[in-house]
There are 2 protein chains.
Amino acid sequence: MSTARGARARARIEVTAAIKDEARRQLAEDGAAKLSLRAVARELGMVSSALYRYFPSRDDLLTALIIDAYDSLGETAEAAHAEVAGADPRERWITVCTAVRRWALEHPQEYTLIYGSPVPGYTAPETTIPAAARVGLLLISIVRAAYQDKGVARTPLPAELKPEARRMAAELAPDLPPETVTALVAAWAQLYGLIGFELFGQFHRVVEDREAFFRHAAGRLAHEVGLVVPPTAGPAE
Amino acid sequence: MSTARGARARARIEVTAAIKDEARRQLAEDGAAKLSLRAVARELGMVSSALYRYFPSRDDLLTALIIDAYDSLGETAEAAHAEVAGADPRERWITVCTAVRRWALEHPQEYTLIYGSPVPGYTAPETTIPAAARVGLLLISIVRAAYQDKGVARTPLPAELKPEARRMAAELAPDLPPETVTALVAAWAQLYGLIGFELFGQFHRVVEDREAFFRHAAGRLAHEVGLVVPPTAGPAE
DNA sequence: CCAAAAAGAGAGCACTGCTCTTGCATTGGT
DNA sequence: ACCAATGCAAGAGCAGTGCTCTCTTTTTGG
């Protein structure tokens with residue numbers, strides 16, 4: 001009873017899923033800008049106006065795809081993290097960063113949809129916020145574990161930034177030092193700078209071995225948030 | 001004679017400029033996606049087909065705007081740098097980064113055009129490359145000056161990245177150490193991560209005092225490329 | 001069993017990029 | 001000074017878009 005009130009309700013779920021699937025297919029192929037409601041409807045053998053019974057507008061369809069993309073990325077990152085749960089924090093940080101990068105390279109259009117430039121006139125509804133936060137929360141949890149275990153290195157903040165740093169810490173992770181939270185937010189943005197530049201072709205003829213480059217850069221970000229390299233490995237930094 | 005072969009040639013230059021101006025206006029207002037050739041033509045009092053005499057396609061118009069945007073950004077960055085020519089490298093680095101950020105905030109749509117997600121199906125022609133490189137070259141020149149003066153701090157590279165680092169150095173700045181060039185490329189991408197996150201609303205309800213946050217982050221990037229804080233200022237890092 | 005709600009179909013509006021043809025104005029060579 | 005060649009603007013037209021409205025059919029729940 002609670003799962004489906006009848007054939008009609010079930011059909012609605014199926015059609016909604018079919019629309020999203022076809023839309024995702026077209027998105028992956030031609031990008032968000034060329035995603036066409038009419039084309040989706042055509043491919044599904046329905047008339048375009050019928051599609052509006054399921055998604056009131058093109059933007060609503062895009063919003064649904066955005067949430068799914070955030071979830072897919074979050075799930076991928078969390079799965080990658082679970083596989084190295086025993087490793088040291090620095091290794092786990094790099095693993096998650098690498099998983100995000102790989103997901104981005106495998107789903108360029110979906111990545112563009114969520115971390116690329118927003119479609120003008122379109123503002124993501126509040127609904128997307130929890131899904132969007134997943135990777136960020138995962139990165140925070142890694143640093144938190146390191147902090148509670150052996151502590152993290154801290155970079156002193158300039159006086160002018162201290163109030164803001166305290167504010168951010170209170171909002172995002174009250175149990176972590178403001179220096180750490182500040183570095184975390186910066187590293188979070190910088191991570192997406194690295195991925196975006198690679199994905200959007202800015203590294204064309206600049207970086208060739210992008211895998212190695214990224215691993216190193218992610219390691220530097222780990223260093224920046226205070227995750228020290230484990231004492232058993234290599235020379236001190 | 002060389003400036004204009006006649007009234008017709010002059011008129012062509014003027015109309016071309018008028019089209020670009022109006023297009024830039026519409027771009028700033030509604031974003032690249034909604035830039036419409038027909039709307040531009042309408043606003044200029046000409047019929048849409050006439051506009052195709054000046055720009056063979058919408059993409060060509062966008063390309064022209066992209067080159068102009070790169071030039072505008074490059075000029076802004078260079079002007080800001082010229083004003084602090086006497087300062088220490090770290091200060092000059094931060095100044096240029098801040099100038100790029102300010103330009104981005106003042107020209108969000110133009111920034112999106114050049115550093116946002118690319119329009120699918122559109123590949124920037126080779127023509128844009130020199131204009132695109134200006135800010136990068138400026139950042140390199142700052143680090144080069146510091147290197148030739150008092151030297152820069154170097155972060156050791158993992159063995160797997162050394163060949164690629166040497167390659168990048170040979171390509172971008174043969175006179176600089178591979179460690180420095182690698183850090184420079186990463187910092188370059190990360191800078192645009194910071195700006196993009198702020199511009200595209202990812203810092204919404206996360207970072208409030210964005211000016212102070214950015215200044216600090218840019219300082220950390222300077223540190224990362226090896227620009228040390230001058231000995232006269234503050235406690236050691 | 002039957003009114004109400006949901007869903008599909010089709011026509012239509014206003015818009016887009018782009019092409020093609022037609023007529024007019026300017027140009028440069030003879 | 002003329003005249004063919006070129007440049008340019010205008011208009012019609014094509015195929016596509018998001019979206020709305022109306023009409024008909026199907027399913028639902030009281």
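Naming convention: chains lettered A, B, ... in sequence-line order (proteins, then strands); numbering from 1 in each chain. Values reported hereafter were calculated over all heavy atoms of this structure, with side chains retained and with hydrogens, waters and symmetry mates removed.
Ionic pairing of A/Glu164 and B/Arg210 is not present here: no N-O contact between side-chain nitrogen and carboxylate oxygen is shorter than 4.0 angstrom. Ion pairing between a basic and an acidic side chain is recognised when a charged N comes within 4.0 Å of a carboxylate O; B/Arg134 and B/Asp71 show such pairing. A salt bridge is absent between B/Glu171 and A/Arg205; no separation between the charged side-chain nitrogens and carboxylate oxygens falls under 4.0 Å. Under a 4.0 Å N-O distance rule, the pair A/Arg25/A/Glu29 qualifies as a salt bridge.
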Base-contact (B) and sugar-phosphate-only (S) positions in nucleotides 12-22 of chain D, heavy-atom cut-off under 4.0 Å, - elsewhere: -B---BBBBB-
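For A/Arg215, the CZ atom sits in a loose shell: 12 or fewer heavy atoms of surrounding residues, nucleotides or ligands are nearer than 6.0 Å. Remark: A/Glu106 CD is packed, more than 12 non-hydrogen atoms of other residues, nucleotides or ligands lying under 6.0 Å away. Taking a 6.0 Å sphere around CD of A/Glu208, one finds it holds more than 12 heavy atoms contributed by other residues, nucleotides or ligands.
With rounding to whole Å, B/Leu61 atom CG is found 12 Å from C/dG17 atom C1'. When the P atom of C/dG17 is taken as reference, atom CZ of B/Phe55 falls 14 Å away, rounded to whole Å. Between A/Leu44 atom CG and C/dG8 atom C1' the separation is 13 Å, expressed in whole Å. Between the CG atom of B/Leu51 and the C1' atom of C/dT16 there is a distance of 14 Å, rounded to whole Å. Straight-line distance from the CZ atom of B/Arg10 to the C1' atom of D/dG7: 16 Å, rounded to whole Å. In this entry the distance linking CE of A/Met46 with C1' of C/dG10 reads 15 Å, nearest Å.
Considering only side-chain N and O atoms, A/Arg8 lies nowhere under 4.0 angstrom from the phosphate OP1 or OP2 of D/dT26. Remark: B/Arg12 is in phosphate contact with D/dC8, judged by side-chain N or O atoms under 4.0 Å from OP1 or OP2. Regarding contacts with the backbone of C/dA6, every side-chain N or O of A/Tyr54 stays at 4.0 angstrom or more from both OP1 and OP2.
Judged purely by distance below 3.5 Å, without hydrogens or angles, the side chains of A/Gln26 and A/Glu22 pair a donor atom with an acceptor atom. B/Asp60 and B/Ser57 form a side-chain donor-acceptor contact under 3.5 Å, judged by distance and modelled atom types alone.
Rotation axes derived from the C1' atoms of the five outermost pairs at either end of the helix from C/dC1-D/dG30 to C/dT30-D/dA1 lie 10° apart, to the nearest 10°.
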